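A, B, ... follow the sequence lines: proteins, then strands. Residue 1 opens every chain. Just so it is clear, the structure is predicted and the values come from calculations on it, not from any experiment.
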Amino acid sequence: HGGSFLLRIEDTDQARYVEGAENYIIESLRWCGLEFDEGPEQGGPHGPYRQSERKDQYQAYAGQLISSGHAYYAFDTSDELDKARKDAESEGRSFSYDAGTRLSMKNSLSLSEDQTQQLLDSNASYVVRFKMPELSKLVEDEDMIRGKVSFNTTDLDDKVLFKKDGMPTYHLANVVDDHLMEITHVIRGEEWLPSMPLHVLLYRALGWSKPLFAHLPLILKPQGKGKLSKRDGDKMGFPVFPLEWIDPVSGEISPGYREEGYFPEAFVNMLAFLGWNPGTEQEIFSMDELIRAFSFDRVNKSGARFDPEKARWFNHQYLIGKSDEELAGLFEPELIEKGVKPPAIENLVRIVSLVKERVSFVSEMWDQSFFFFTAPDSYDPKVAKKRWKGEVPEFMSQLAVSFDSYGGGWDASELKAKVSDLIQEKEQNFGGVMNALRLVLVGGSFGPDLFTIVEILGQKEVVTRINKAIDVLGK
RNA sequence: GGUCCCUUCGUCUAACGGUUAGGACACAAGAUUUUCAUUCUUGAAAUAGGGGUUCGAUUCCCCUAGGGACUACCA
């Protein structure tokens, strides 16, 4: 839409302050490629960007709401509120601080003006509550995703707008800041839908025009009931956080998509398709394509179950879309970590091209290609039993001699022709020999084209491996 | 419990009154192949149930059921 993207930190709950959380949010957005134009670090015309630094404004607006009759002081202690809740519960009802109960509570509506003033003067702690209109009134608003959504004011309660610690609640801070910071679109999770009428009423009470609302569907657990939680990821082995997070207090580590080896493009693409689709059969979208294709009318209303398998698939798609050179660059550090000296870059590029189709993550390339870098230290016993028998060991030693004395061009097709001739000459079974040679070179029954492996390993190494296998597996 | 939102293959979803209900993931079978994968082909798989409205409902309305969210001086 060509607008500005502001990052605002909603840190009005001082009790829940977490060291490093703000930085984590910023780093996560950047990793995803979501660049914001204004925020706490770089500043901008709508600052400050932390609500804790905008504290002064909220009190003024709370005061304005009180003078205009849209809000009131409440002096109830938390003990008194607990008691009211308990009393209601014992009668089988649930307590709601609303038009029906507010006059029996301790607030500037039930108290006289003098009493209220006295409490205020004596520095009694108080909160400011929104005075929900008591007449049954329909609050309707247009949600960009859900269309018309309606609530009745008689079902709504008097929410706290301003806390006794001098900080606003989300409801007040969000409305005030969105107005002051000229926010045009409020796009948030569906869990906020029940708060929409309160927010609409607040905009009206303050005499402001409201932004557009869009309530997005939630991400649900892969199995079972409810929305996706960190526990589901731990249980099923997938991350729920974009970046690894280490809790500064408990030290608990939550894995991240970045650390698991997901490409940010794949992560964003996967997420974009949870609850939205372009209406075409295209599934792989770059950030630019996503920006161009996205529209609210193609966002679904119902929650979307997260599918870890599909997430893997997205990563696979991006992996095979990358150049062999780029992947080789990403794979090289893994080799060093495994204690392997990386081969010449052109060889590594070639190896990568052979295995990229087979994996979803760079980290999986090692399992598919280790035999290019290090001789197998064991032979799959099942394969050995099946393939290393009869005349095979004898033929293998002849093959070793033949490879050793080979003086022609060392490339896959020539070698294949040469070995085929030898097989025919000695009346061997082609498939049987191939499988045995594969066992010798890679240690099992897997891997890309065998003669390509032979070519890449080189004359000396191939001979060494054959002789080693004869030693280990016997003649 | 109350309020609000939602409901198409196992999962993500397409079809904005007329389609043999389409695609993708996962699954199964077959083909290819020197192995394992890849790839290709094929298959199985859905309109929650019941009422309306209509010539005609996946599509519009109502009820039921199921799911989800909220119900804090948290966001």
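- Among the protein residues, A:Ser150 comes within range of the sugar-phosphate backbone only, with heavy atoms under 4.0 Å from sugar or phosphate atoms but none that close to a base.
- In the set B:rC12, B:rA75, B:rU3, B:rU3 carries the atom at the smallest distance from any side-chain atom of A:Phe151.
- The nearest whole Å value for the distance from the CD1 atom in A:Ile25 to the P atom in B:rA75 is 14 Å.
- Of the inter-residue distances, the one linking A:Ile26 atom CD1 with A:Ile9 atom CD1 reads 5.5 Å to the nearest 0.5 angstrom.
- Under 4.0 angstrom from either OP1 or OP2 of B:rC4 there lies no side-chain N or O belonging to A:Lys148.
- Contact annotation: the side chain of A:Phe372 never approaches that of A:Leu348 to less than 4.5 Å [non-hydrogen atoms, C-beta and beyond].
- Of the listed nucleotides (B:rC4, B:rG23, B:rC73), B:rG23 has the atom at the smallest distance from the side chain of A:Glu281.
- Within the structure, every side-chain polar atom (N or O) of A:Asn152 is placed at least 4.0 Å from both OP1 and OP2 of B:rC4.
- Closest to the side chain of A:Ala304, out of B:rC12, B:rC25, B:rA75, is B:rC12.
- Note on A:Val127: a base of the nucleic acid sits closer than 4.0 angstrom, heavy atoms only.
- Residue A:Phe95 is the one, among A:Thr12 and A:Phe95, whose nearest nucleotide of RNA chain B lies closer to the 5' end (criterion: closest heavy atom).
- In this pair, A:His70 and A:Phe130 present their aromatic rings parallel. The plane angle is below 30°, not in the 30 to 60° band.
- Residue A:Trp276 is the one, among A:Trp276 and A:Phe446, whose nearest nucleotide of RNA chain B lies closer to the 5' end (criterion: closest heavy atom).
- Counting only heavy atoms from C-beta outward, the side chains of A:Glu414 and A:Tyr406 approach each other to under 4.5 Å.
- Comparing the C1' positions of B:rC55 and B:rC62 gives a spacing of 22 Å, expressed to the nearest Å.
- As a whole-Å value, the separation of A:Met365 CE from B:rU38 P is 17 Å.
- Put simply, the side chain of A:Lys227 and the base of B:rA69 share no donor and acceptor less than 3.5 Å apart.
- Within 4.0 Å (heavy atoms only), A:Gly226 reaches sugar-phosphate atoms of the nucleic acid but no base atom.
- Residue A:Asp157 is out of contact with every strand shown, counting any heavy-atom pair closer than 4.0 Å.
- An OP1 or OP2 oxygen of B:rG67 is reached within less than 4.0 angstrom by a side-chain nitrogen or oxygen of A:Lys225.
- Nucleotides B:rG30 and B:rG66, compared at atom C1', are 40 Å apart to the nearest Å.
- B:rG68 and B:rA48 are spaced 16 Å apart, taking the C1' atom of each and rounding to whole Å.
- Here the side chain of A:Glu190 is nearest to one of B:rU11, B:rC73, B:rC5, namely B:rC5.
- Distance from the side chain of A:Ser302 is smallest to B:rU7 among B:rC4, B:rG1, B:rU7.
- Put simply, the side chain of A:Arg129 does not reach to within 4.5 Å of the side chain of A:Ile66, judged on heavy atoms.
- Taking the C1' atom of each, B:rU54 and B:rU59 are spaced 13 Å apart, rounded to whole Å.
- As judged by a 4.0 angstrom heavy-atom cut-off over every strand, A:Arg85 is placed among residues touching the sugar-phosphate backbone only.
- Closest to the side chain of A:Asn277, from the set B:rA14, B:rU71, B:rC74, is B:rA14.
- As judged by a 4.0 angstrom heavy-atom cut-off over every strand, A:Arg305 is placed among residues touching the sugar-phosphate backbone only.
- Here A:Gly275 lies in heavy-atom contact (under 4.0 Å) with sugar-phosphate atoms only.
- Atoms OH (A:Tyr170) and C1' (B:rC74) sit 12 Å apart, rounded to a whole Å.
- Atom name P, nucleotides B:rG43 and B:rU7: the rounded distance is 30 Å, in whole Å.
- Taking the six-membered ring where the residue is Trp, A:His199 and A:His171 present tilted rings, their angle falling between 30° and 60°.
- Atom pair A:Ile219:CD1 and B:rU13:P shows a separation of 10 Å (rounding to whole Å applied).
- Atoms CZ (A:Arg312) and P (B:rA37) sit 15 Å apart, rounded to a whole Å.
- Here B:rA45 sits opposite no nucleotide as a Watson-Crick or G-U wobble pair (both hydrogen-bonding atom distances under 3.5 Å).
- Residue A:Arg16 places no side-chain N or O under 4.0 Å from the OP1 or OP2 atom of B:rC73.
- Classified by interplanar angle (parallel below 30°, tilted 30° to 60°, perpendicular above 60°), the ring pair A:Phe273/A:Trp276 is perpendicular.
- Minimum atom distance to the side chain of A:Val149 is reached by B:rC4, of the listed B:rA75, B:rC4, B:rC25.
- Distances shown here put a side-chain N or O of A:Arg129 below 4.0 Å from the OP1 or OP2 atom of B:rC73.
- If you take CD of A:Glu309 and P of B:rC25, they are 12 Å apart, rounded to a whole angstrom.
- Within 4.0 Å of A:Lys164, counting heavy atoms only, lies at least one base atom of the nucleic acid.
- Rounded to whole Å, the separation between the C1' atoms of B:rG51 and B:rA45 comes to 29 Å.
- Remark: the separation of the P atoms in B:rU47 and B:rU42 is 24 Å, to the nearest Å.
- For the pair A:Lys322 and A:Phe263, the cation sits on the ring face: its NZ or CZ lies under 6.0 Å from the ring centre, inside 45° of the axis.
- Across the protein-nucleic acid pair, A:Arg438 atom CZ and B:rA37 atom C1' stand 10 Å apart, rounded to whole Å.
- Out of B:rC74, B:rU3, B:rC6, the shortest distance to the side chain of A:Lys301 is found at B:rC6.
- The side chain of A:Leu218 approaches B:rA69 more closely than any other nucleotide in the set B:rC25, B:rC6, B:rA69.
- Among the heavy atoms of the strands lying under 4.0 Å from A:Pro448 is at least one base atom, whether or not backbone atoms are also near.
- In this structure, the nucleotide among B:rA75, B:rA24, B:rU3 sitting nearest to the side chain of A:Trp313 is B:rA24.
- A:Leu228 has its CG atom 15 Å from the C1' atom of B:rA69, to the nearest Å.
- If you check every strand for non-hydrogen atoms under 4.0 Å, A:Ser94 touches a base.
- Pair check for B:rA69 finds B:rU3; Watson-Crick or G-U wobble, both atom distances under 3.5 Å.
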**Message:** Could you walk me through whether A:Tyr97 and A:Asn107 satisfy the side-chain hydrogen bond (donor to acceptor under 3.5 Å, both in side chains) test, starting with their C-alpha distance in whole Å, then the side-chain angles of each, then the deciding distance to 0.1 Å, before giving a yes or no?
**Reply:** CA-CA 11 Å; A:Tyr97 206 119; A:Asn107 54 51; 3.0 Å; yes

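- Here the separation of B:rC5 from B:rC63, taken at their P atoms, is 12 Å to the nearest Å.
- Using a 4.0 Å heavy-atom criterion, one finds that A:Asp76 contacts the bases of the nucleic acid, with or without backbone contacts as well.
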